Amino acid sequence: MKKIIPDYSKSSFFNDGSSLFCNTLTRHFDFTEYGIFQMKHLNKQSPVTIFISDQVIKIVEEKCEKYIFIENACIKKILHPKTQQLGFRLSKNGQYAEFYGEYIEIWSSLKRYVIQADFLLKYKLGQKIGEGYSSSVYKAYNILNGEKFAVKIVDKYMLSRNDNLEKQYLLNELNILRQINHINLLKLEEIYESEENVYIVTELLEGGNLKNSIFRFRFSEEETIILMQQLYRSLNYLHQMKIFHLNIKFDNIFLRDQQDLTSVCIINFGKAEILKSSITSSKILNHHNSNQLLSFYRKKDIYGISIIILSIFGKKLYQESQMVDELLMKNYDCVSYIEYMNLLPPLQQFFEILFTEKGRSLIDTLTCQDILNLEVFKIKLERRQSKNVQVLQIQTFDQKRQSRFLPRPSQKGHLQLSQLQKNQKLPNINDSSDNKIKQNQSYSPQTENYLSHRLINECKINNYTPRQSILRKLLSPNV
Ligand SMILES: Nc1ncnc2c1ncn2[C@@H]1O[C@H](COP(=O)(O)OP(=O)(O)OP(=O)(O)O)[C@@H](O)[C@H]1O
(Lines give C-alpha, C1' and ligand atoms only; values in the text may rest on other atoms or scores of the structure.)
Protein backbone atom coordinates (compact mmCIF):
# COMPACT_ATOMS: atom_id res chain seq x y z
CA MET A 1 0.00 0.00 0.00
CA LYS A 2 1.25 3.46 -0.89
CA LYS A 3 2.48 5.36 2.16
CA ILE A 4 0.99 8.85 2.39
CA ILE A 5 3.35 11.50 3.66
CA PRO A 6 1.42 13.95 5.85
CA ASP A 7 1.48 17.54 4.66
CA TYR A 8 1.10 20.27 7.30
CA SER A 9 1.50 23.24 5.00
CA LYS A 10 -2.19 24.14 4.90
CA SER A 11 -2.48 24.43 8.67
CA SER A 12 1.02 25.87 9.10
CA PHE A 13 1.39 28.97 11.24
CA PHE A 14 3.46 30.37 8.35
CA ASN A 15 0.86 29.72 5.63
CA ASP A 16 0.19 33.05 3.93
CA GLY A 17 -2.12 31.55 1.33
CA SER A 18 0.32 31.86 -1.57
CA SER A 19 0.72 29.16 -4.25
CA LEU A 20 3.73 26.88 -4.41
CA PHE A 21 4.84 27.82 -7.94
CA CYS A 22 4.96 31.13 -9.74
CA ASN A 23 5.85 31.70 -13.37
CA THR A 24 7.49 35.12 -13.28
CA LEU A 25 9.69 37.19 -10.99
CA THR A 26 9.18 40.88 -10.43
CA ARG A 27 12.80 41.62 -9.59
CA HIS A 28 16.27 40.35 -10.37
CA PHE A 29 17.82 37.43 -8.44
CA ASP A 30 21.34 36.00 -8.82
CA PHE A 31 20.98 32.23 -9.14
CA THR A 32 23.54 29.48 -8.55
CA GLU A 33 23.13 26.08 -10.24
CA TYR A 34 22.64 23.08 -7.93
CA GLY A 35 22.37 20.26 -10.48
CA ILE A 36 19.78 17.93 -11.93
CA PHE A 37 16.93 16.51 -9.83
CA GLN A 38 13.94 14.33 -10.58
CA MET A 39 10.86 16.46 -9.86
CA LYS A 40 7.63 14.70 -8.97
CA HIS A 41 4.56 16.91 -9.17
CA LEU A 42 0.92 15.95 -9.72
CA ASN A 43 1.86 12.29 -10.40
CA LYS A 44 4.28 13.32 -13.15
CA GLN A 45 8.02 12.80 -12.84
CA SER A 46 10.56 14.70 -14.96
CA PRO A 47 14.22 15.75 -14.80
CA VAL A 48 14.76 19.42 -13.90
CA THR A 49 17.79 21.64 -13.28
CA ILE A 50 17.64 23.53 -10.02
CA PHE A 51 19.07 26.99 -9.41
CA ILE A 52 18.89 28.81 -6.09
CA SER A 53 19.12 32.40 -5.02
CA ASP A 54 18.55 33.40 -1.37
CA GLN A 55 14.80 33.10 -1.29
CA VAL A 56 13.89 31.56 -4.65
CA ILE A 57 14.36 28.21 -6.38
CA LYS A 58 14.37 28.31 -10.17
CA ILE A 59 13.23 25.02 -11.73
CA VAL A 60 14.19 24.62 -15.36
CA GLU A 61 12.36 21.90 -17.29
CA GLU A 62 12.83 20.99 -20.93
CA LYS A 63 10.42 23.59 -22.23
CA CYS A 64 9.75 25.99 -19.41
CA GLU A 65 10.95 27.37 -16.12
CA LYS A 66 9.11 28.20 -12.91
CA TYR A 67 9.93 29.42 -9.43
CA ILE A 68 9.24 28.60 -5.81
CA PHE A 69 9.61 31.26 -3.11
CA ILE A 70 11.03 29.11 -0.35
CA GLU A 71 10.61 31.56 2.54
CA ASN A 72 8.25 29.84 5.01
CA ALA A 73 7.56 26.90 2.67
CA CYS A 74 7.28 23.58 4.54
CA ILE A 75 9.99 21.04 3.83
CA LYS A 76 10.45 17.36 4.58
CA LYS A 77 13.19 14.87 3.80
CA ILE A 78 11.76 11.88 1.90
CA LEU A 79 12.68 8.58 0.24
CA HIS A 80 11.55 7.76 -3.27
CA PRO A 81 9.11 4.83 -2.88
CA LYS A 82 10.60 2.91 -5.82
CA THR A 83 14.24 3.96 -6.21
CA GLN A 84 14.83 4.62 -2.48
CA GLN A 85 16.66 7.77 -3.55
CA LEU A 86 16.76 10.57 -0.98
CA GLY A 87 15.04 13.82 -1.66
CA PHE A 88 12.89 16.58 -0.19
CA ARG A 89 9.31 17.69 -0.48
CA LEU A 90 8.45 21.38 -0.60
CA SER A 91 4.89 22.39 0.17
CA LYS A 92 2.83 25.54 0.52
CA ASN A 93 -0.83 25.92 1.30
CA GLY A 94 -1.52 22.24 0.59
CA GLN A 95 0.33 22.11 -2.77
CA TYR A 96 3.56 20.16 -3.00
CA ALA A 97 6.40 19.00 -5.25
CA GLU A 98 9.11 16.43 -4.58
CA PHE A 99 12.73 16.60 -5.69
CA TYR A 100 15.09 13.59 -5.71
CA GLY A 101 18.85 13.90 -6.14
CA GLU A 102 22.01 15.15 -4.41
CA TYR A 103 20.20 17.17 -1.79
CA ILE A 104 22.82 17.75 0.95
CA GLU A 105 24.29 20.91 -0.54
CA ILE A 106 20.89 22.25 -1.47
CA TRP A 107 19.61 21.58 2.04
CA SER A 108 22.20 23.82 3.66
CA SER A 109 21.11 26.66 1.34
CA LEU A 110 17.43 26.12 2.07
CA LYS A 111 17.37 25.43 5.79
CA ARG A 112 17.34 29.03 7.04
CA TYR A 113 14.31 29.85 4.86
CA VAL A 114 12.08 26.80 5.07
CA ILE A 115 10.03 25.35 7.93
CA GLN A 116 10.75 21.80 9.05
CA ALA A 117 8.74 19.42 11.20
CA ASP A 118 9.98 16.89 13.80
CA PHE A 119 12.32 19.08 15.85
CA LEU A 120 12.65 16.33 18.46
CA LEU A 121 13.93 13.83 15.90
CA LYS A 122 17.03 15.94 15.40
CA TYR A 123 17.55 17.71 18.73
CA LYS A 124 17.54 16.82 22.40
CA LEU A 125 16.40 19.63 24.67
CA GLY A 126 18.75 20.78 27.43
CA GLN A 127 18.34 23.26 30.27
CA LYS A 128 16.29 26.44 30.01
CA ILE A 129 18.52 29.47 29.49
CA GLY A 130 16.11 32.34 29.06
CA GLU A 131 12.58 33.55 28.73
CA GLY A 132 10.76 36.19 26.73
CA TYR A 133 7.14 37.39 26.65
CA SER A 134 5.88 34.54 24.50
CA SER A 135 8.88 32.26 24.35
CA SER A 136 11.35 30.18 26.31
CA VAL A 137 14.93 29.61 25.24
CA TYR A 138 16.66 26.27 25.85
CA LYS A 139 19.96 24.66 25.09
CA ALA A 140 19.53 22.01 22.40
CA TYR A 141 21.88 19.23 21.34
CA ASN A 142 22.08 17.71 17.87
CA ILE A 143 21.33 14.05 18.62
CA LEU A 144 23.76 12.79 15.98
CA ASN A 145 26.90 14.79 16.81
CA GLY A 146 26.16 16.50 20.14
CA GLU A 147 26.63 19.99 18.66
CA LYS A 148 25.10 22.65 20.95
CA PHE A 149 22.54 25.26 19.88
CA ALA A 150 20.00 27.60 21.44
CA VAL A 151 16.36 27.03 20.59
CA LYS A 152 13.68 29.62 21.13
CA ILE A 153 10.38 27.80 21.57
CA VAL A 154 7.42 30.02 20.85
CA ASP A 155 3.88 29.06 21.81
CA LYS A 156 1.73 29.52 18.67
CA TYR A 157 -1.34 30.30 20.78
CA MET A 158 0.49 33.14 22.55
CA LEU A 159 1.58 34.49 19.18
CA SER A 160 -1.94 34.98 17.96
CA ARG A 161 -2.90 37.14 20.96
CA ASN A 162 -2.55 40.94 21.08
CA ASP A 163 -3.76 41.62 17.53
CA ASN A 164 -1.02 39.37 16.20
CA LEU A 165 1.63 41.88 17.30
CA GLU A 166 3.81 39.08 18.69
CA LYS A 167 3.38 37.18 15.42
CA GLN A 168 4.58 40.24 13.51
CA TYR A 169 7.64 40.53 15.78
CA LEU A 170 8.48 36.89 15.19
CA LEU A 171 8.07 37.05 11.40
CA ASN A 172 10.07 40.26 11.39
CA GLU A 173 12.85 38.69 13.45
CA LEU A 174 13.00 35.66 11.14
CA ASN A 175 12.99 37.85 8.06
CA ILE A 176 16.02 39.74 9.36
CA LEU A 177 17.90 36.73 10.76
CA ARG A 178 17.60 35.09 7.33
CA GLN A 179 19.21 38.05 5.62
CA ILE A 180 22.13 38.78 7.92
CA ASN A 181 25.51 37.14 7.91
CA HIS A 182 27.98 38.91 10.19
CA ILE A 183 30.33 37.59 12.86
CA ASN A 184 28.88 39.91 15.53
CA LEU A 185 25.21 39.20 14.80
CA LEU A 186 23.27 36.14 15.93
CA LYS A 187 23.41 33.27 13.42
CA LEU A 188 20.19 31.47 12.53
CA GLU A 189 20.49 27.71 12.07
CA GLU A 190 17.01 26.47 11.13
CA ILE A 191 13.29 26.71 11.92
CA TYR A 192 10.80 24.02 12.95
CA GLU A 193 7.11 23.91 13.66
CA SER A 194 4.92 21.48 15.59
CA GLU A 195 1.21 21.61 16.32
CA GLU A 196 1.74 23.88 19.33
CA ASN A 197 5.11 25.55 18.85
CA VAL A 198 7.54 27.25 16.56
CA TYR A 199 11.22 26.33 17.19
CA ILE A 200 13.92 28.78 16.15
CA VAL A 201 17.34 27.17 16.31
CA THR A 202 20.28 29.58 16.52
CA GLU A 203 23.89 29.43 17.57
CA LEU A 204 24.32 29.16 21.34
CA LEU A 205 25.98 32.19 22.92
CA GLU A 206 27.69 30.49 25.82
CA GLY A 207 29.40 33.58 27.20
CA GLY A 208 26.11 35.02 28.43
CA ASN A 209 25.17 38.67 28.59
CA LEU A 210 27.92 41.25 28.02
CA LYS A 211 26.82 43.15 31.13
CA ASN A 212 27.67 40.20 33.34
CA SER A 213 31.20 39.94 31.98
CA ILE A 214 31.84 43.66 32.08
CA PHE A 215 31.05 43.89 35.78
CA ARG A 216 32.72 40.62 36.58
CA PHE A 217 36.05 40.74 34.80
CA ARG A 218 38.55 43.47 34.35
CA PHE A 219 39.14 44.35 30.72
CA SER A 220 41.71 46.80 29.42
CA GLU A 221 40.87 49.97 27.50
CA GLU A 222 42.24 48.32 24.34
CA GLU A 223 39.87 45.39 24.70
CA THR A 224 36.97 47.71 25.26
CA ILE A 225 37.89 49.74 22.20
CA ILE A 226 37.96 46.53 20.12
CA LEU A 227 34.52 45.75 21.51
CA MET A 228 33.31 49.23 20.49
CA GLN A 229 34.75 48.73 17.04
CA GLN A 230 32.98 45.41 16.59
CA LEU A 231 29.68 46.78 17.78
CA TYR A 232 29.82 49.76 15.42
CA ARG A 233 30.97 47.51 12.57
CA SER A 234 28.02 45.19 13.03
CA LEU A 235 25.68 48.18 13.23
CA ASN A 236 27.28 49.62 10.12
CA TYR A 237 26.69 46.31 8.32
CA LEU A 238 23.02 46.40 9.31
CA HIS A 239 22.59 50.06 8.39
CA GLN A 240 24.13 49.49 4.98
CA MET A 241 21.42 46.89 4.42
CA LYS A 242 18.90 49.51 5.63
CA ILE A 243 18.18 47.35 8.67
CA PHE A 244 17.81 49.16 12.00
CA HIS A 245 17.84 47.17 15.23
CA LEU A 246 15.95 49.77 17.31
CA ASN A 247 16.21 47.80 20.54
CA ILE A 248 19.88 47.96 21.39
CA LYS A 249 20.50 47.57 25.07
CA PHE A 250 22.72 45.53 27.36
CA ASP A 251 20.08 42.76 27.49
CA ASN A 252 20.54 42.17 23.77
CA ILE A 253 24.34 42.07 23.66
CA PHE A 254 25.86 38.65 24.31
CA LEU A 255 29.28 37.00 24.24
CA ARG A 256 30.26 33.64 22.82
CA ASP A 257 33.06 33.46 25.40
CA GLN A 258 32.48 35.34 28.64
CA GLN A 259 36.11 36.45 28.88
CA ASP A 260 36.54 37.49 25.28
CA LEU A 261 35.01 40.81 24.29
CA THR A 262 35.84 40.13 20.64
CA SER A 263 33.22 37.36 20.72
CA VAL A 264 30.42 39.91 21.09
CA CYS A 265 27.11 39.20 19.36
CA ILE A 266 23.92 41.28 19.01
CA ILE A 267 20.63 39.39 19.40
CA ASN A 268 16.87 40.05 19.35
CA PHE A 269 15.74 41.53 16.03
CA GLY A 270 12.02 41.42 16.83
CA LYS A 271 11.66 45.20 16.86
CA ALA A 272 14.05 45.87 14.01
CA GLU A 273 12.90 47.69 10.89
CA ILE A 274 13.96 47.28 7.28
CA LEU A 275 13.65 50.54 5.38
CA LYS A 276 13.42 50.00 1.67
CA SER A 277 13.20 52.85 -0.84
CA SER A 278 9.76 53.89 0.35
CA ILE A 279 8.58 54.32 3.90
CA THR A 280 7.57 50.91 5.15
CA SER A 281 6.83 51.76 8.72
CA SER A 282 4.12 53.86 10.15
CA LYS A 283 5.19 53.20 13.73
CA ILE A 284 7.12 56.41 14.34
CA LEU A 285 7.21 59.78 12.61
CA ASN A 286 4.82 58.75 9.88
CA HIS A 287 4.59 62.35 8.71
CA HIS A 288 8.29 62.52 7.98
CA ASN A 289 9.90 61.55 4.75
CA SER A 290 12.01 58.43 4.54
CA ASN A 291 15.31 60.28 4.93
CA GLN A 292 14.25 61.76 8.21
CA LEU A 293 13.00 58.40 9.38
CA LEU A 294 16.29 56.81 8.34
CA SER A 295 18.27 59.45 10.23
CA PHE A 296 16.08 58.95 13.30
CA TYR A 297 16.53 55.16 13.26
CA ARG A 298 20.26 55.50 12.69
CA LYS A 299 20.64 57.87 15.65
CA LYS A 300 18.57 55.59 17.83
CA ASP A 301 20.84 52.62 17.11
CA ILE A 302 24.03 54.67 17.44
CA TYR A 303 22.90 56.03 20.80
CA GLY A 304 21.93 52.52 21.91
CA ILE A 305 25.46 51.21 21.33
CA SER A 306 27.09 54.39 22.61
CA ILE A 307 25.25 54.23 25.93
CA ILE A 308 26.56 50.73 26.40
CA ILE A 309 30.09 52.00 25.75
CA LEU A 310 29.49 54.89 28.16
CA SER A 311 28.25 52.46 30.82
CA ILE A 312 31.40 50.39 30.43
CA PHE A 313 33.85 53.28 30.65
CA GLY A 314 31.82 55.17 33.25
CA LYS A 315 31.09 52.02 35.32
CA LYS A 316 27.44 53.03 35.55
CA LEU A 317 24.20 51.43 34.42
CA TYR A 318 21.49 53.49 32.78
CA GLN A 319 17.87 53.05 31.93
CA GLU A 320 18.89 52.78 28.31
CA SER A 321 15.61 53.51 26.52
CA GLN A 322 14.98 56.61 28.66
CA MET A 323 18.48 57.84 28.00
CA VAL A 324 18.19 57.22 24.24
CA ASP A 325 14.99 59.30 24.24
CA GLU A 326 16.72 62.13 26.12
CA LEU A 327 19.61 62.12 23.69
CA LEU A 328 17.32 61.99 20.66
CA MET A 329 15.77 65.16 22.04
CA LYS A 330 19.30 66.55 22.31
CA ASN A 331 19.15 66.83 26.05
CA TYR A 332 22.86 66.41 26.69
CA ASP A 333 22.45 67.31 30.35
CA CYS A 334 21.44 63.69 30.92
CA VAL A 335 25.15 62.84 30.80
CA SER A 336 26.96 65.35 32.92
CA TYR A 337 30.34 63.97 33.69
CA ILE A 338 32.05 63.22 30.36
CA GLU A 339 34.59 65.97 30.97
CA TYR A 340 35.66 64.39 34.22
CA MET A 341 36.20 60.89 32.93
CA ASN A 342 39.82 61.69 32.13
CA LEU A 343 40.10 59.20 29.29
CA LEU A 344 42.63 58.91 26.50
CA PRO A 345 42.12 61.98 24.30
CA PRO A 346 40.69 60.07 21.29
CA LEU A 347 38.22 58.31 23.56
CA GLN A 348 37.34 61.56 25.27
CA GLN A 349 36.66 63.11 21.89
CA PHE A 350 34.45 60.17 20.90
CA PHE A 351 32.34 60.64 24.04
CA GLU A 352 32.13 64.39 23.53
CA ILE A 353 30.75 63.93 20.01
CA LEU A 354 28.10 61.52 21.18
CA PHE A 355 27.13 62.93 24.53
CA THR A 356 27.79 66.67 24.71
CA GLU A 357 26.63 69.86 23.04
CA LYS A 358 29.80 69.71 20.96
CA GLY A 359 28.32 66.96 18.78
CA ARG A 360 24.93 68.63 18.38
CA SER A 361 25.50 69.70 14.77
CA LEU A 362 27.08 66.37 13.75
CA ILE A 363 24.75 63.85 15.23
CA ASP A 364 21.93 64.14 12.68
CA THR A 365 24.17 62.97 9.86
CA LEU A 366 26.69 60.91 11.80
CA THR A 367 26.92 57.33 10.49
CA CYS A 368 28.56 54.27 12.01
CA GLN A 369 31.19 54.55 9.29
CA ASP A 370 31.97 58.12 10.47
CA ILE A 371 32.36 56.78 13.99
CA LEU A 372 34.61 53.97 12.77
CA ASN A 373 36.81 56.57 11.09
CA LEU A 374 37.47 58.38 14.38
CA GLU A 375 40.97 58.43 15.80
CA VAL A 376 39.96 56.22 18.70
CA PHE A 377 39.87 53.25 16.32
CA LYS A 378 43.27 54.05 14.89
CA ILE A 379 45.07 53.39 18.16
CA LYS A 380 47.27 50.34 17.68
CA LEU A 381 45.18 47.66 19.34
CA GLU A 382 46.46 44.31 20.45
CA ARG A 383 44.28 41.33 21.24
CA ARG A 384 45.22 39.00 24.00
CA GLN A 385 44.16 35.47 24.75
CA SER A 386 40.83 35.51 26.55
CA LYS A 387 41.85 32.74 28.91
CA ASN A 388 44.48 35.02 30.43
CA VAL A 389 42.03 37.63 31.63
CA GLN A 390 42.03 36.75 35.30
CA VAL A 391 45.75 35.96 35.40
CA LEU A 392 46.46 39.32 33.89
CA GLN A 393 44.33 40.97 36.54
CA ILE A 394 46.47 39.46 39.24
CA GLN A 395 49.70 40.35 37.54
CA THR A 396 48.79 43.94 36.95
CA PHE A 397 47.12 44.58 40.28
CA ASP A 398 50.41 45.16 42.11
CA GLN A 399 51.32 47.85 39.66
CA LYS A 400 47.85 49.37 39.90
CA ARG A 401 47.50 52.66 38.13
CA GLN A 402 46.71 55.68 40.27
CA SER A 403 43.71 56.31 38.12
CA ARG A 404 42.12 53.52 36.12
CA PHE A 405 41.67 56.03 33.31
CA LEU A 406 45.40 56.69 32.97
CA PRO A 407 47.26 54.33 30.66
CA ARG A 408 49.43 51.69 32.25
CA PRO A 409 53.17 52.33 31.84
CA SER A 410 53.28 49.38 29.43
CA GLN A 411 50.59 50.95 27.27
CA LYS A 412 52.23 54.32 26.95
CA GLY A 413 54.68 53.26 24.25
CA HIS A 414 51.94 51.68 22.15
CA LEU A 415 49.53 54.47 22.33
CA GLN A 416 51.94 57.27 21.53
CA LEU A 417 49.56 59.71 23.01
CA SER A 418 51.34 62.90 22.10
CA GLN A 419 51.55 61.71 18.49
CA LEU A 420 47.85 60.98 18.43
CA GLN A 421 47.00 64.35 19.90
CA LYS A 422 48.99 66.02 17.15
CA ASN A 423 47.49 63.93 14.37
CA GLN A 424 43.86 63.96 15.37
CA LYS A 425 41.59 64.40 12.38
CA LEU A 426 38.27 64.30 14.14
CA PRO A 427 35.29 66.17 12.75
CA ASN A 428 35.45 69.85 13.51
CA ILE A 429 33.68 70.37 16.77
CA ASN A 430 32.81 73.87 17.84
CA ASP A 431 33.70 74.45 21.42
CA SER A 432 30.71 75.38 23.44
CA SER A 433 31.50 78.34 25.66
CA ASP A 434 28.54 77.84 27.91
CA ASN A 435 29.63 75.02 30.11
CA LYS A 436 26.53 73.76 31.82
CA ILE A 437 28.29 70.93 33.57
CA LYS A 438 28.62 71.29 37.28
CA GLN A 439 31.11 69.12 39.06
CA ASN A 440 29.81 66.64 41.63
CA GLN A 441 26.29 66.96 40.32
CA SER A 442 24.74 64.28 38.18
CA TYR A 443 21.92 65.02 35.74
CA SER A 444 21.71 61.40 34.73
CA PRO A 445 18.20 59.92 34.93
CA GLN A 446 19.26 57.88 37.92
CA THR A 447 21.32 58.85 40.89
CA GLU A 448 24.59 57.07 41.51
CA ASN A 449 23.24 55.52 44.69
CA TYR A 450 20.31 54.07 42.87
CA LEU A 451 22.52 52.77 40.09
CA SER A 452 24.97 51.12 42.45
CA HIS A 453 22.06 49.60 44.31
CA ARG A 454 20.65 48.30 41.02
CA LEU A 455 23.97 46.89 39.95
CA ILE A 456 24.40 45.02 43.21
CA ASN A 457 20.83 43.75 43.01
CA GLU A 458 21.35 42.55 39.43
CA CYS A 459 24.48 40.77 40.53
CA LYS A 460 22.52 39.10 43.30
CA ILE A 461 19.62 38.13 41.06
CA ASN A 462 22.00 36.64 38.52
CA ASN A 463 24.05 34.96 41.21
CA TYR A 464 27.15 36.89 40.34
CA THR A 465 29.84 37.82 42.73
CA PRO A 466 30.55 41.55 42.35
CA ARG A 467 33.77 42.15 40.46
CA GLN A 468 35.70 43.65 43.38
CA SER A 469 35.14 40.63 45.55
CA ILE A 470 36.16 38.34 42.71
CA LEU A 471 39.38 40.27 42.41
CA ARG A 472 39.92 40.12 46.16
CA LYS A 473 39.24 36.40 46.09
CA LEU A 474 41.68 35.91 43.24
CA LEU A 475 44.32 37.89 45.06
CA SER A 476 43.92 36.04 48.31
CA PRO A 477 47.08 34.08 49.22
CA ASN A 478 44.96 30.92 49.63
CA VAL A 479 44.06 30.78 45.98
N1 LIG B 1 21.27 32.38 21.16
C2 LIG B 1 21.20 32.49 22.48
N3 LIG B 1 22.19 32.02 23.26
C4 LIG B 1 22.12 32.12 24.60
N5 LIG B 1 21.08 32.68 25.27
C6 LIG B 1 20.05 33.16 24.55
C7 LIG B 1 20.05 33.10 23.12
N8 LIG B 1 18.90 33.64 22.68
C9 LIG B 1 18.22 34.04 23.76
N10 LIG B 1 18.89 33.76 24.89
C11 LIG B 1 18.46 34.03 26.27
O12 LIG B 1 17.05 33.96 26.33
C13 LIG B 1 16.51 35.21 26.74
C14 LIG B 1 15.20 35.45 26.05
O15 LIG B 1 15.44 35.51 24.67
P16 LIG B 1 14.33 36.06 23.71
O17 LIG B 1 14.95 36.27 22.36
O18 LIG B 1 13.11 35.25 23.78
O19 LIG B 1 14.05 37.37 24.45
P20 LIG B 1 13.17 38.55 24.03
O21 LIG B 1 12.95 38.50 22.56
O22 LIG B 1 13.83 39.71 24.66
O23 LIG B 1 11.83 38.32 24.72
P24 LIG B 1 10.50 38.99 24.28
O25 LIG B 1 9.80 37.89 23.54
O26 LIG B 1 9.86 39.35 25.58
O27 LIG B 1 10.88 40.17 23.44
C28 LIG B 1 17.59 36.22 26.41
O29 LIG B 1 17.51 37.34 27.22
C30 LIG B 1 18.84 35.43 26.69
O31 LIG B 1 19.11 35.41 28.06
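For ligands, and for the atoms within them, numbers begin at 1 and follow the listed sequence. Everything quoted here is computed from the prediction, not taken from an experiment. We use all heavy atoms of the structure for the numbers below, so side chains are in, but hydrogens, waters and symmetry mates are not.
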Next on the checklist: Could you identify the single nearest non-hydrogen protein atom to atom 19 (O) of ligand 1 and state the distance to 0.1 Å?
Outcome noted: Gly132 CA, 4.2 Å

Checklist entry - Would one find an N or O of Glu166, backbone or side chain, under 3.5 Å from an N or O of ligand 1? => result no

Checklist entry - Identify the closest protein heavy atom to atom 20 (P) of ligand 1: which residue and atom is it, and at what distance? => result Asn268 ND2, 3.5 Å

Checklist entry - Taking distance alone, with no angle check, do Ser135 and ligand 1 share an N/O pair under 3.5 Å? => result yes

Item to check | Which residue and heavy atom of the protein sit nearest atom 14 (C) of ligand 1, plus the separation | outcome: Glu131 O, 3.5 Å

Checklist entry - Would Arg256 and Glu206 pass as an ion pair if we require N to O under 4.0 Å? => result no

Next on the checklist: Quick one, Lys148 with Glu203, criterion salt bridge (Lys or Arg N to Asp or Glu O under 4.0 Å). Give me CA distance, side-chain angles, the key distance, then yes/no.
Outcome noted: CA-CA 8 Å; Lys148 283 187 255 179; Glu203 64 172 313; over 6 Å; no

Checklist entry - Does even one non-hydrogen atom of Gly270 get within less than 4.0 Å of ligand 1? => result no

Checklist entry - Under 6.0 Å between the ring centres of Phe351 and Phe313? => result yes

Next on the checklist: Can you confirm, on distance only, whether ligand 1 has an N/O atom lying under 3.5 Å from any N/O atom belonging to Tyr133?
Outcome noted: yes

Checklist entry - Thr202 heavy atoms, cut-off 4.0 Å: which ligand 1 atoms fall inside? => result 1 (N)

Checklist entry - In the protein, which heavy atom is nearest to atom 3 (N) of ligand 1, and how far is it? => result Leu205 N, 3.0 Å

Next on the checklist: Would you say the ring centers of Tyr332 and Phe355 fall short of 6.0 Å from each other?
Outcome noted: no

Item to check | Contacts of type salt bridge (Lys or Arg N to Asp or Glu O under 4.0 Å), residue Lys249, not counting sequence neighbours | outcome: none

Item to check | Lys167: salt bridge (Lys or Arg N to Asp or Glu O under 4.0 Å) partners, not counting sequence neighbours | outcome: none

Checklist entry - Does atom CD of Glu102 have more than 12 heavy-atom neighbours from other groups under 6.0 Å away? => result no

Item to check | Nearest non-hydrogen protein atom, atom 16 (P) of ligand 1 | outcome: Lys152 NZ, 3.7 Å

Checklist entry - Touching ligand 1 at all, Glu203? Heavy atoms, strictly under 4.0 Å? => result yes

Checklist entry - Distance under 6.0 Å and angle within 45° of the ring axis: does Lys300 meet both against Phe244? => result no

Next on the checklist: With a heavy-atom distance limit of 4.0 Å, tell me whether Val137 approaches ligand 1 through its side chain, its backbone, both, or neither.
Outcome noted: side chain

Checklist entry - If you measure from the Lys or Arg side-chain nitrogens to the Asp or Glu carboxylate oxygens, is any gap between Glu71 and Lys92 under 4.0 Å? => result no

Checklist entry - Looking only at heavy atoms, is any part of Leu186 under 4.0 Å from ligand 1, and if so is it the side chain, the backbone, or both, or is it neither? => result side chain

Checklist entry - When only distance counts, is Leu204 in polar contact with ligand 1, meaning an N/O pair under 3.5 Å? => result no

Next on the checklist: Between ligand 1 and Phe254, can you find any atom pair, the residue atom being a heavy atom, that is separated by under 4.0 Å?
Outcome noted: yes

Checklist entry - What's the shortest distance from atom 5 (N) of ligand 1 to any protein heavy atom, and which residue and atom give it? => result Ile129 CD1, 3.7 Å

Checklist entry - Less than 4.0 Å between a side-chain N and a carboxylate O, is that true for Glu196 and Lys156? => result no

Checklist outcome for this item: dist Ile307:CD1 -> Leu317:CG (nearest 0.5 Å) comes out at 12.0 Å

Next on the checklist: Could you identify the single nearest non-hydrogen protein atom to atom 2 (C) of ligand 1 and state the distance to 0.1 Å?
Outcome noted: Ala150 CB, 3.6 Å

